[in-house]
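Right, one structure below, let's go through it.
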Amino acid sequence: MARPRRGEGQHLPGDRLPGLPAARLIAAPSHRPPPPHMSDPTPDRADLGAAEREIVRARLAKADALRALGVHPYGNGAAPRHLAAELVARYRDAPVEAIAADPGDWSIAGRVLALRSFGKAAFLQLEDRSGTLQVWIRRDRVGEAAFEIFRLVDVGDIVAAEGPATRTRAGELTLEALRFTVLTKAVRPLPEKWHGLADVEQRYRQRYLDLIATPGVKEVFRRRARLVSTLRRFLDDRGFLEVETPTLHKPEEAGGAAARPFQTHHNALDLDLKLRIATELHLKRLVVGGLDRVYEIGRIFRNEGIDRRHNPEFTSVEFYQAYATDRDLMALTEELLRTLAVEVTGGPVVTYQGQAIDLTPPYPRVSMLAEGARALGLSPEDALAGRGLAEAVARAAARENDAEGAWKLEQAARRSPGEILAVAFEIFGEPALPRDRPAFVVDFPVETSPLSRPRDADPRLVDRFELFVAGMEVANAFSELNDPADQRARFEAQVRARAAGDEEAMPYDEDFVRALEQGMPPTAGEGIGIDRLTMLLTDSPSIRDVILFPLLRTRA
RNA sequence: GGGCGCGUAGCUCAACUGGCAGAGCAAUGGACUCUUAAUCCAUAGGUUGAAGGUUCGAUUCCUUCCGCGCUCACCA
């Protein structure tokens with residue numbers, strides 16, 4: 001059994017490791033000679049301005065003063081017995097007299113977020129992983145020695161306090177310290193307490209400061225964790241097996257999506273490798289192998305631009321279900337989104353950037369074929385057959401006000417009917433999707449989907465859907481192509497496209513075709529962007545707000 | 001990569017048309033045993049992102065560079 005680490009898991013009052021005495025949170029001041037003063041590890045401090053250098057110097061001096069008092073400014077081995085939230089849960093709205101009848105002996109530790117001092121008494125706002133609690137320290141209650149230690153405390157330090165609960169005159173639940181010590185001395189100051197960190201760049205580069213100083217940031221990442229664990233439970237409950245496949249792909253394996261990969265290299269094998277752009281081809285190999293329901297939650301890398309909706313590395317879940325079709329996955333997706341919204345936000349209606357979005361099923365279906373053709377003034381049949389398509393695109397481009405849209409249409413005019421329809425839908429159809437609920441886009445042309453099974457009723461289309469929420473593509477799913485001959489032909493078309501300059505065309509993965517030749521059961525698969533789903537469920541405007549350490553340019 | 005915007009004390013922001021770089025918080029010293037952005041007195045803190053140019057004089061105007069944000073393209 002793994003040894004629990006302090007500060008992790010459910011630390012209950014009285015929890016101990018077997019056979020070990022409980023570490024005392026607050027040791028009596030030591031009478032041993034103070035440990036030697038540590039020199040400043042970065043004496044030049046070139047990254048600091050003069051004012052901050054002065055602050056650091058003063059705090060280092062306080063660390064030394066703590067040593068002189070027998071307190072190790074970076075001590076360890078002490079664990080608090082309680083959490084701030086446990087006091088709150090115990091007393092709730094109890095009046096002073098009720099608390100006084102059973103004040104308890106509480107033991108908490110955490111970071112000092114605010115300090116209001118009165119000379120011989122003070123209030124500290126302490127934050128631990130459960131929340132915040134006020135600690136009241138009074139010289140005549142805590143004692144002279146502990147009060148001397150307190151005098152060396154700065155905002156930002158990690159401290160420990162023990163004592164009874166009470167309620168102040170202002171009505172705030174408070175721990176009145178009978179014992180007090182410093183556990184960790186912070187030598188750098190925190191951001192300004194009222195405005196916090198407004199510099200977005202610094203928030204991303206120094207996420208630890210952001211987590212301390214910006215309200216709501218911790219909650220975003222708690223919600224993200226809850227989303228992932230709920231997703232995992234949802235799939236586990238339906239018989240899916242969680243697997244892990246390689247992130248390092250040989251050049252011929254790096255397919256499964258239209259994207260450019262990152263290049264890397266293995267030295268010992270002298271082998272050029274690429275970071276995966278999708279998990280699709282390996283997961284389908286596993287379906288061939290008899291793992292009929294598999295999923296992988298993992299990092300995907302795409303060598304593309306960065307904006308509000310894109311980070312070069314992001315987290316996807318892909319899952320594959322044998323003996324299912326895209327219709328089955330639509331139903332599953334609707335149920336999944338409703339479940340995630342309820343578990344993460346408390347209800348099926350979420351608000352994203354001021355827009356209420358109801359995730360209650362069912363979601364409307366919007367036909368890429370019908371809407372794309374309609375935008376071009378053609379019947380779906382004429383559009384698919386390419387009849388009058390070139391003229392229609394030229395007309396649409398001419399009346400398109402947006403120069404970029406017109407340019408895209410003109411570029412698309414040289415491509416296949418299916419690709420033209422997809423572009424027409426992107427320009428004219430996507431902006432018209434409903435805003436107050438998700439929508440499935442269906443009826444994709446086969447040319448846009450090199451891994452999808454052709455529709456039996458019309459092989460120019462595939463049984464595929466994309467789920468759009470709040471203008472973002474959140475999911476992409478289809479009935480999988482399991483005809484090896486067809487897959488071989490699709491790969492060959494991709495190779496031709498690449499030769500013609502399409503850098504995002506997939507390589508020919510011969511082993512994947514070989515796997516299909518062993519027979520893959522009829523299967524449907526889906527990929528969902530975890531980051532975008534998290535944006536939606538945390539009302540975050542940028543993908544960088546839901547990735548702890550988003551990629552930024554190196555500081556000059 | 002293109003367009004727009006931003007960069008001033010540790011943090012949040014001022015500084016009119018080019019004319020002595022300021023405030024609050026944080027910090028340091030002092031007063032204060034019920035505070036909630038505590039309060040009061042005092043002190044200290046600056047290569048105005050970098051380099052160059054125009055000017056008697058540049059935080060301010062110009063050029064280039066660096067970084068970030070928004071946006072467009074690429075993309076999920």
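Just so you know, these numbers use all the heavy atoms, side chains as well, and skip hydrogens, waters and symmetry mates.
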- Is the CD atom of A:E219 crowded by more than 12 outside heavy atoms at less than 6.0 Å? yes

- Under a 4.0 Å heavy-atom criterion, the protein footprint on nucleotides 33-40 of chain B, written with B, S and -, is BBBBBB--

- Query: Are any of A:R205's side-chain N or O atoms less than 4.0 Å away from OP1 or OP2 of B:C68?
  - Reply: yes

Please set out all donor-acceptor pairs under 3.5 angstrom arising from side-chain atoms of residues 471-479 of chain A, sequence neighbours excluded.
{"residue": "A:N476", "atom": "OD1", "partner": "A:R464", "partner atom": "NE", "Å": "3.0"}
{"residue": "A:N476", "atom": "OD1", "partner": "A:R464", "partner atom": "NH2", "Å": "3.4"}
{"residue": "A:S479", "atom": "OG", "partner": "A:D326", "partner atom": "N", "Å": "3.1"}

- C1'-based separation of B:G46 from B:A15 [nearest Å]: 14 Å

- Message: Roughly how many Å apart are B:U59 and B:U54, using the P atom of each and rounding to a whole number?
- Response: 16 Å

- Item | Distance, C1' atom - from B:G29 to B:G49, rounded to whole angstrom | 34 Å

- Message: Work out how far the P atom of B:U47 is from that of B:A42, and round it to whole angstrom.
- Response: 26 Å

- Item | Where at least one partner belongs to residues 143-160 of chain A, residue pairs that pass side chain to side chain donor-acceptor pair (under 3.5 Å), sequence neighbours excluded | A:K62-A:D154, A:E148-A:R151, A:D154-A:K185, A:D157-A:K185

- Test side-chain contact (heavy atoms from CB on, under 4.5 Å) applied to A:P438 - qualifying residues, sequence neighbours left out: A:I357, A:L359, A:Y363, A:L467, A:V469

- Query: How far, in whole Å, is B:A21 from B:U12 if one measures between their P atoms?
  - Reply: 24 Å

- Message: In whole Å, measure the gap between the P atoms of B:U55 and B:G10 for me.
- Response: 34 Å

- Item | Parallel, tilted or perpendicular, as decided by the 30° and 60° cut-offs, for the rings of A:F465 and A:F440 | perpendicular

- Query: With A:E526, which residues qualify under side chain to side chain donor-acceptor pair (under 3.5 Å), at least two apart?
  - Reply: A:T333

- Query: Is there a donor and acceptor pair closer than 3.5 Å between the side chain of A:D307 and the base of B:C70?
  - Reply: no

- Task: Could you tell me which nucleotide pairs with B:A27 by Watson-Crick or G-U wobble geometry, both distances under 3.5 Å, or answer none if nothing does?
- Result: B:U43

- Message: Please give the distance between the P atoms of B:A44 and B:G7 as a whole number of Å.
- Response: 29 Å

- When the distance from CZ of A:R203 to P of B:C6 is rounded to whole Å, what number comes out? 21 Å

- Message: Give me each pair satisfying salt bridge (Lys or Arg N to Asp or Glu O under 4.0 Å) with a member in residues 440-450 of chain A, each pair once, sequence neighbours excluded.
- Response: A:D443-A:R455

- Message: Rounding to an integer number of angstrom, what distance separates B:C25 and B:G18 when you compare their C1' atoms?
- Response: 31 Å

